[in-house]
There are 2 protein chains.
Amino acid sequence: MSPATSSAEATGTLKKGLHQEGRRMTPQRRLVLDLFEQIGSGSHLSAEEVHRQLVDNQSKVSLATIYRTLRLLVEMDFLQELELRDGGSRFELADEEHIHHHHLVCVRCGRTEEFENEPVLQAGRDACKQFDFELIDSSLNVRGICPACR
Amino acid sequence: MSPATSSAEATGTLKKGLHQEGRRMTPQRRLVLDLFEQIGSGSHLSAEEVHRQLVDNQSKVSLATIYRTLRLLVEMDFLQELELRDGGSRFELADEEHIHHHHLVCVRCGRTEEFENEPVLQAGRDACKQFDFELIDSSLNVRGICPACR
DNA sequence: GTTTGTGCAAATTTTTTGCATGTAG
DNA sequence: CTACATGCAAAAAATTTGCACAAAC
């Protein structure tokens, strides 16, 4: 099967988005986006992990730039920020097809599964309507213990 | 109207729970629990905020003890840990009646509303069943923009 | 009395920032 | 060229920990 989204396409979209805001496409930014594209939309990396992966891959990027780039990509909706476990945020590709998925995390080993659920989406809409908020997004985090850890 | 739960009752329950685990009831622990009881189950405080409130109230507690106490009370299910915004965990009373509520947060001003929703609860159960996890708890976080910030 | 808890200050961890230099457009 | 981005190292913020002393049981 063919890849759902090519790296070139996303990089092109990113470049356009950056230019619209008076920002620039840099090798560092491309590296971060490419990494997320390569690993796919189901992986949740911390800033440190992104940095280590790139450095291990012979790329020269500083951790400070990773933090700045991650914030930028979240602002631009290319990435989504998650707070699944303690000790720092994690990020994943904000894939259109996956933007409304949820997470099931094992509190022992950190294993993370994703699932979709329409009623949850509706619950977010309902809550916003009730309090007259404008919905940005909603995410359900379920904590549990996986079979292997029992 | 009479208070739903008296401070004495919760303190007594806490004391019993502590003793069961070979731990001790201290003035500091009582202070933290009392604070959460006074403010009710809809308030979300950070460790710093808990500390400031107690110190402002002429109580002498260290921030380190607040952190230790909060962790302890979460372990004992007297408090629930939330990760609603960036920059640190927040805690709220793990009231039986409110244990399955969810949060709607304004990304601009931080205003937080709570709501309940049965389908969300069911979604958590379903996800656990699907992956054979044992459910601990689940929470829906909805991000949006409140009327005042628009 | 013995064991657990607290305060303090130092250490860790995670993230941000100031500034000189580099580079995309 | 000029504005924006990066790297580095220092700063800030959030949380944890070692240790001597205090207090609960």
Side-chain angles (χ1 to χ4, degrees), chain A residues 11-35 44-55 58-76 78-79 81-91 110, chain B residues 11-35 44-55 58-76 78-79 81-91 110:
Chain A
T11 304
T13 311
L14 174 61
K15 193 167 179 176
K16 203 168 77 179
L18 285 169
H19 286 174
Q20 279 172 359
E21 305 181 42
R23 288 178 169 146
R24 291 167 187 180
M25 170 58 87
T26 65
Q28 290 88 343
R29 289 174 180 176
R30 191 178 324 231
L31 281 169
V32 173
L33 187 67
D34 283 354
L35 173 61
H44 321 108
L45 301 180
S46 67
E48 288 268 9
E49 285 166 351
V50 169
H51 186 234
R52 195 164 308 129
Q53 293 234 22
L54 294 180
V55 168
Q58 321 304 327
S59 305
K60 221 190 91 191
V61 204
S62 73
L63 182 56
T65 292
I66 298 297
Y67 274 106
R68 284 187 282 228
T69 300
L70 290 174
R71 258 196 294 138
L72 176 72
L73 294 178
V74 168
E75 264 173 40
M76 297 181 67
F78 277 88
L79 295 180
E81 186 169 0
L82 310 169
E83 291 170 45
L84 300 178
R85 324 188 215 171
D86 298 347
S89 294
R90 308 186 91 76
F91 301 83
Chain B
T11 304
T13 310
L14 173 62
K15 192 168 181 175
K16 204 167 77 180
L18 286 168
H19 286 173
Q20 279 173 359
E21 305 181 42
R23 289 179 169 147
R24 293 167 185 179
M25 171 57 89
T26 65
Q28 291 87 342
R29 288 173 181 178
R30 190 179 323 232
L31 281 169
V32 173
L33 186 66
D34 283 355
L35 172 62
H44 322 108
L45 301 180
S46 67
E48 287 268 10
E49 286 166 351
V50 170
H51 185 235
R52 196 163 307 132
Q53 294 234 20
L54 294 180
V55 168
Q58 319 304 326
S59 305
K60 220 190 92 191
V61 205
S62 74
L63 184 55
T65 293
I66 298 297
Y67 275 106
R68 284 187 281 230
T69 301
L70 290 174
R71 257 197 295 140
L72 177 71
L73 293 178
V74 167
E75 264 173 39
M76 297 181 66
F78 278 88
L79 294 181
E81 186 170 359
L82 309 170
E83 292 170 44
L84 300 179
R85 319 190 219 171
D86 298 347
S89 294
R90 309 186 90 77
F91 302 83

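Each chain gets a letter, A, B and so on, in the order the sequences are listed, and its residues count up from 1.
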* To do: Under the ring pair (Phe, Tyr, Trp, His ring centres under 6.0 Å) rule, collect the residues that match up with B:H44, sequence neighbours excluded.
  => B:H103

Which atom pairs link the protein and nucleotides 1-3 of chain D when you take only N or O atoms and keep those under 3.5 Å?
| unit_1 | atom_1 | unit_2 | atom_2 | d |
| --- | --- | --- | --- | --- |
| D:dA3 | N3 | A:R24 | NH1 | 2.7 |
| D:dA3 | N3 | A:R24 | NH2 | 3.1 |

* Quickly work out the A:K15 NZ to D:dC4 C1' distance and round it to whole Å. => 15 Å

* If you pin A:R23 and B:V61 to their nearest nucleotides in DNA chain C, which one's is more 5'? -> B:V61

Could you list the donor-acceptor pairs under 3.5 angstrom formed by side chains in residues 14-27 of chain B, with sequence neighbours left out?
| unit_1 | atom_1 | unit_2 | atom_2 | d |
| --- | --- | --- | --- | --- |
| B:E21 | OE1 | B:R23 | NH1 | 3.2 |
| B:T26 | OG1 | B:R29 | N | 3.2 |

* Structure fact -> Separation of C:dT13 atom C1' from A:R90 atom CZ, nearest Å, is 14 Å

* From the options D:dA5, D:dA9, D:dT17, select the nucleotide whose nearest atom is closest to the side chain of A:R29. => D:dA5

* Asked: Can you find a side chain N or O atom of A:T26 that sits less than 4.0 Å from OP1 or OP2 on C:dT23?
  -> no

* **Exercise: identify the closest heavy-atom pair between B:F78 and B:T13** => CZ-C, 3.9 Å

* Enumerate the residues from residues 65-74 of chain A whose closest heavy atom to DNA chain C is under 4.0 Å, giving them by residue number; use none for an empty result. => A:Y67, A:R68, A:R71

* Asked: Considering only side-chain heavy atoms of B:A64, which listed nucleotide, C:dC8, C:dG5, D:dA5, is closest?
  -> C:dC8

* Asked: Hey, is the side chain of B:Q28 poking within less than 4.0 Å of OP1 or OP2 on C:dG7, counting only N and O atoms?
  -> yes

* Hey, what do you get for NE2 (A:H51) to CG (A:L31), rounding to the nearest 0.5 Å? -> 11.0 Å

* Rounded to the nearest 0.5 Å, what separation is found between the CZ atom of A:R30 and the OG atom of A:S59? -> 12.5 Å

* Listed nucleotide nearest any side-chain atom of A:S89, set C:dA9, C:dT15, C:dT6 -> C:dT15

* To do: Just report the end-to-end axis angle for the helix from C:dG1-D:dC25 to C:dG25-D:dC1, five pairs per end, to 10 degrees.
  => 40°

* **Closest-nucleotide 5' rank along DNA chain D - winner of A:P27 and B:E48** => A:P27

* **Length of the line joining A:L18:CG and C:dT23:C1', which is rounded to integer Å** => 15 Å

Which donor-acceptor pairs under 3.5 Å do side chains of residues 63-72 of chain A form with protein atoms, sequence neighbours excluded?
| unit_1 | atom_1 | unit_2 | atom_2 | d |
| --- | --- | --- | --- | --- |
| A:T65 | OG1 | A:S62 | OG | 3.2 |
| A:T69 | OG1 | A:T65 | O | 2.8 |

* To do: Report the residue (B:M25 or B:E81) whose heavy-atom-nearest nucleotide on DNA chain D is the more 5′ of the two.
  => B:E81

